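First the structure, in the form of structure tokens, and then the observations on it.
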Amino acid sequence: MRLKNVPGSREVIGESRFVIHEPELQKGKWKEVFGNENPIHIEIGMGKGRFIMGMAGQHPEVNFIGIEKYSSVLLRAIQKMEEEELPNVRFIRMDAEDICNVFDKEEVSRIYLNFSDPWPKDRHAKRRLPSRQFLARYDEILKKDGTLEFKTDNRVLFDFALEELEPAGWKADTVTFDLHADEALVRGNIMTEYEERFSAAGNPICKYVIRR
Ligand SMILES: C[S@@+](CC[C@H](N)C(=O)[O-])C[C@H]1O[C@@H](n2cnc3c(N)ncnc32)[C@H](O)[C@@H]1O
């Protein structure tokens, strides 16, 4: 269900203590937000937050920041955090196009892209989160030894994402076209909302991991 205009969602988000309301002000200072020196991992297009909250529960030694464009979707993640507060999670409502205004050079240790919107029209290719335009933004904020991980069931988008790596100066370390068929790779895997739905429908899940 895509909820773009849930009445009151902007107000709830505006008052939520789990949301960073002026993220540009934290650029270069994210460790202060969490009050520790732990590495920062971000998920771009986090949806309702299942993945990032699952990861945060498994990894209290990491700080997680979820980025989501739509308030109505972010609202669902906030509701989950009201039920199960995690000290190492914060959310930002923003378009990831502006990500370089929010994180300083090498401030982020890992970026997760999960089931990113495919934007099927060619003229919208630059809006795809694994596009070379976005890779250039990730290049700015990711630590030199940082990691980028991308999962999707959309084979066309995945093939596009693989083709974007070389022109952007990136190289995949691990590529799988059926994550759930590989016991070693799937160990510790946290399912996203979309992953649960699509893998239950029998769609193979593709994934790449890049270590810089
Ligand atoms: C297909 S959903 C996948 C949600 C979740 N990652 C999952 O796997 O279940 C893609 C999400 O990315 C968000 N999104 C798309 N483009 C974005 C952008 N440029 N900045 C921030 N969020 C974005 C959408 O609003 C949507 O919630």
Side-chain angles (χ1 to χ4, degrees), residues 1-6 9-10 12-13 18-24 41-58 64-81 89-103 108 110-121 123-142 148-158 160-161 164 176 179-180 186 188-201 203-209:
M1 183 166 44
R2 192 63 174 263
L3 302 161
K4 286 195 179 165
N5 293 307
V6 176
S9 61
R10 279 184 185 274
V12 173
I13 288 165
F18 307 122
V19 178
I20 302 299
H21 299 288
E22 290 183 284
E24 299 83 3
H41 294 186
I42 67 175
E43 185 188 7
I44 302 179
M46 64 162 205
K48 298 174 193 165
R50 175 183 170 155
F51 173 82
I52 200 162
M53 291 177 66
M55 290 296 287
Q58 269 191 12
F64 289 89
I65 300 171
I67 295 171
E68 172 53 49
K69 187 155 71 170
Y70 292 112
S71 10
S72 50
V73 184
L74 177 54
L75 182 65
R76 298 301 183 88
I78 291 172
Q79 289 165 338
K80 280 186 209 152
M81 278 278 276
V89 178
R90 295 292 186 284
F91 304 126
I92 304 174
R93 196 200 61 74
M94 67 177 277
D95 189 319
E97 281 189 11
D98 299 323
I99 202 151
C100 296
N101 298 332
V102 166
F103 296 101
V108 174
R110 187 170 298 187
I111 299 174
Y112 294 102
L113 308 176
N114 290 318
F115 297 80
S116 307
D117 291 330
W119 292 104
K121 291 184 181 149
R123 67 191 157 89
H124 291 148
K126 64 174 191 274
R127 295 188 193 171
R128 298 172 193 153
L129 293 177
S131 67
R132 67 190 72 182
Q133 289 83 359
F134 271 100
L135 290 174
R137 295 179 179 108
Y138 308 152
D139 213 15
E140 284 217 10
I141 62 170
L142 200 55
L148 172 68
E149 297 196 14
F150 173 50
K151 287 196 279 194
T152 183
D153 70 317
N154 185 321
R155 186 59 196 268
V156 175
L157 179 65
F158 192 65
F160 164 84
E164 290 294 271
T176 175
L179 173 65
H180 293 270
V186 87
N189 180 57
I190 299 269
M191 296 257 246
T192 79
E193 277 97 355
Y194 274 64
E195 184 173 357
E196 186 169 70
R197 192 189 310 164
F198 292 132
S199 56
N203 297 8
I205 306 301
C206 305
K207 177 175 177 176
Y208 73 50
V209 177

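A quick note: this is a predicted structure, and the numbers were derived from the prediction, not measured. Order of appearance sets the numbers: ligands from 1, and atoms from 1 within every ligand.
Each of the following atoms of ligand 1 lies closer than 4.0 Å to a heavy atom of Glu43: 6 (N). Here is the list of ligand 1 atoms found below 4.0 Å of a heavy atom in Tyr70: 25 (O). The distance from ligand 1 to the heavy atoms of Glu193 drops below 4.0 Å at these ligand atoms: 9 (O). Residue contact check: Asp95 has heavy atoms under 4.0 Å from atoms 18 (C), 19 (N), 20 (N) of ligand 1. Short contacts between ligand 1 and Met94, defined as distances under 4.0 Å to a heavy atom of the residue, involve ligand atoms 20 (N), 21 (C). Less than 4.0 angstrom separates some heavy atom of Thr192 from each of these atoms of ligand 1: 7 (C), 8 (O), 9 (O). Atoms of ligand 1 lying under 4.0 Å from at least one heavy atom of Asn114, given by number and element, are 3 (C), 5 (C), 6 (N), 8 (O).
Two residues are said to be in side-chain contact when any heavy atoms from C-beta on lie closer than 4.5 Å; Val89 and Met81 meet this criterion. Looking only at side-chain heavy atoms (C-beta outward), Met46 and Leu74 come within less than 4.5 Å of each other. Tyr112 is listed as a side-chain neighbour of Met55, based on a closest heavy-atom distance under 4.5 Å.
Although no hydrogens or angles enter the test, the distance criterion places no donor-acceptor pair under 3.5 Å between the side chain of Ser116 and the main chain of Leu113.
Between Leu129 and ligand 1, no N or O atom pair is found at a separation short of 3.5 Å. Residue-to-ligand polar distances keep Phe115 apart from ligand 1: every N/O pair is separated by 3.5 Å or more.
With distances taken over non-hydrogen atoms, the option nearest atom 27 (O) of ligand 1 out of Met191, Arg128, Glu68 is Glu68.
Ligand 1 does not have Glu195 within reach: every non-hydrogen atom of the residue lies 4.0 Å or more from it. Proximity of Ile44 to ligand 1 is not established, as no heavy-atom distance is less than 4.0 Å.
Taking a cutoff of 4.0 Å between a charged side-chain nitrogen and a carboxylate oxygen, Glu196 and Arg50 qualify as a salt bridge.
Under the 6.0 Å distance and 45° angle rule, Arg155 does not count as a cation-pi partner of Phe158. Both the sub-6.0 Å distance and the 45° axial angle are satisfied by Arg127 relative to the ring of Trp119.
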Evaluate Lys207 against Asn189 for side chain to side chain donor-acceptor pair (under 3.5 Å), listing each step before the verdict. CA-CA 11 Å; Lys207 177 175 177 176; Asn189 180 57; 4.8 Å; no

